[in-house]
Amino acid sequence: MPLEEYKKKRDFRQTSEPADGESSEGGNIFVIQKHDASRLHYDFRLEIGDVLVSWAVPKGPSTNPAEKRLAVMTEDHPISYADFEGVIPEGQYGGGSVIVWDRGTYRSIKEKDMEEQLRDGHIEVWLEGEKLQGGYALINSKLGGKEKNWLLVKMNDEKADRRRNPVSTEPNSVLSGKTVEEI
């Protein structure tokens, strides 16, 4: 059961988070959710197989290839979580406000399939989002993807921008238009 850990951490009688969800029609979706829980962070999620494989990125993604961002792997989430915005009740796992900060589709840059890249601990994708575009790499700090700490790095391509910082200049949800504070 790929969502067993996700379901164990939540009481669905108290939280409006989705319990299940099927894969997307087109496949290969990504979503970045801004999450004001015990600490403000961004959840970077890639559809791999039938789940959203997820990393918490404390400083949020960067468009500058010189900035490497810590990305801590968390439990897989259901595909339906990609549209989740709302407030997770206090006292529940991840309690706090959540918005869909960015979303879109991705494609693998490498010839390996996504499951193999995940197992190897080195993922390379091209994002086509509303805020982020271009190549991004997720690199595990241990060979073979056995460590929870990864790095999220913007590749040096035509979409790289050392001056633009969408994390601070584009705070609104791409779904509702609201900020995390307004949710």
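Taking 4.5 Å as the limit, some side-chain heavy atom of K112 sits within range of a side-chain heavy atom of D120. Considering only heavy atoms from C-beta on, V51 stays 4.5 Å or farther from P78 through its side chain. Residues E128 and Y106 are not in side-chain contact: their nearest non-hydrogen atoms beyond the backbone lie 4.5 Å or more apart. Side-chain contact between P61 and I32 is present, with heavy atoms from C-beta onward closer than 4.5 Å. The shortest side-chain heavy-atom distance between V100 and V31 falls under the 4.5 Å cut-off. Counting only heavy atoms from C-beta outward, the side chains of N149 and L70 approach each other to under 4.5 Å. Looking at S54 and D76, their side chains never come closer than 4.5 Å, going by heavy atoms from C-beta outward. In this structure, E75 and R10 have side chains that are in contact, with non-hydrogen atoms separated by less than 4.5 Å.
Ring orientation note: the planes of Y42 and W101 are nearly perpendicular, at an angle over 60° on the 30°/60° scale. Classification of the Y81-Y6 ring pair by plane angle, with boundaries at 30° and 60°, yields perpendicular.
The line from CG of L118 to CH2 of W150 is 5.0 Å long, rounded to the nearest 0.5 Å. Atom OG of residue S173 and atom CG of residue D102 lie 10.0 Å apart, to the nearest 0.5 angstrom. Distance check: H122 NE2 to L138 CG gives 9.0 Å after rounding to the nearest 0.5 Å. Distance check: F44 CZ to Y136 OH gives 8.0 Å after rounding to the nearest 0.5 Å. Rounded to the nearest 0.5 Å, atoms CD1 (I123) and CD1 (I109) are 11.5 Å apart. Atoms OG1 and CD1, from T105 and I29 in turn, are 9.5 Å apart once rounded to the nearest 0.5 Å.
Proximity of a side-chain donor or acceptor of D157 to a complementary backbone N or O of A160 within less than 3.5 Å is detected. Looking at N172, its side chain does come within 3.5 Å of a backbone N or O of G177 through a donor-acceptor pair. A donor-acceptor pair is defined here as one N or O able to donate and one able to accept, closer than 3.5 Å; no such pair exists between the side chain of K131 and the backbone of P166.
Environment of CD in E111: sparse, with no more than 12 heavy atoms of neighbouring residues, nucleotides or ligands closer than 6.0 Å. The number of heavy atoms from other shown groups lying within 6.0 Å of CD (E181) is above 12. With a 6.0 Å radius and a threshold of 12 heavy atoms from other residues, nucleotides or ligands, K178 has its NZ atom at or below the threshold. Counting heavy-atom neighbours within 6.0 Å of K59 NZ, excluding the residue itself, gives a total of 12 or less.
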Before giving the answer on side-chain contact (heavy atoms from CB on, under 4.5 Å), spell out for E17 and I88 the whole-Å C-alpha distance, their side-chain angles and the decisive distance to 0.1 Å.
CA-CA 7 Å; E17 296 168 278; I88 301 168; 3.5 Å; yes
Does the pair K159 and W126 meet the rule for a side-chain contact (heavy atoms from CB on, under 4.5 Å), with working shown? CA-CA 10 Å; K159 300 293 185 177; W126 184 272; 4.1 Å; yes
*Between R103 and D83, is a salt bridge (Lys or Arg N to Asp or Glu O under 4.0 Å) present by the stated rule, with each step listed?*
CA-CA 9 Å; R103 69 176 179 175; D83 294 324; 3.4 Å; yes
Step-by-step side-chain contact (heavy atoms from CB on, under 4.5 Å) determination, I183 to V87: CA-CA 7 Å; I183 290 286; V87 177; 3.9 Å; yes
With salt bridge (Lys or Arg N to Asp or Glu O under 4.0 Å) as the criterion, how do K7 and E5 come out once you've worked through the C-alpha distance, each side chain's angles and the decisive distance to 0.1 Å?
CA-CA 6 Å; K7 290 178 180 180; E5 185 179 351; over 6 Å; no
Task: Stepwise side chain to side chain donor-acceptor pair (under 3.5 Å) check, E85 with S176 - done: CA-CA 8 Å; E85 284 195 333; S176 65; 3.0 Å; yes
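Of all heavy-atom pairs spanning K154 and G135, the tightest one is NZ-O, 3.1 Å. Nearest heavy atom pair, residue I99 against residue P171, reads CD1-O, 3.4 Å. The two atoms that bring R162 and P65 nearest to each other are NH1-CD, 4.0 Å, heavy atoms only. Residues F84 and P18 come closest through the heavy atom pair CD1-CD, 4.1 Å.
Side-chain contact of D11 with Q14: a donor-acceptor pair under 3.5 Å is present, judged by distance alone. The closest side-chain donor-acceptor pair between Q92 and T15, if any, does not fall under 3.5 angstrom. Donor-acceptor pairing under 3.5 Å is lacking for the side chains of T63 and R164. For the residue pair Q117/S108, the side-chain donor-acceptor check at 3.5 Å is satisfied.
In the hydrophobic cluster analysis, where Ile, Leu, Val, Met, Phe, Trp and Tyr join through side-chain heavy atoms closer than 4.5 angstrom, M73 is grouped together with L3. Hydrophobic clustering keeps V53 apart from V153 (ILVMFWY residues linked when any side-chain heavy atoms are closer than 4.5 Å, directly or through intermediates). Side-chain heavy atoms closer than 4.5 Å link hydrophobic residues (I, L, V, M, F, W, Y) into clusters, and following such links, possibly through other members, connects L132 to I48. Hydrophobic clustering places L52 together with F12 (ILVMFWY residues linked when any side-chain heavy atoms are closer than 4.5 Å, directly or through intermediates). Both V125 and W55 are part of a single hydrophobic cluster, where members link through side-chain heavy atoms under 4.5 Å apart.
Each of H77, H35, Q33 was scored for a side chain to side chain donor-acceptor pair (under 3.5 Å) with D43, with one residue passing: H35.
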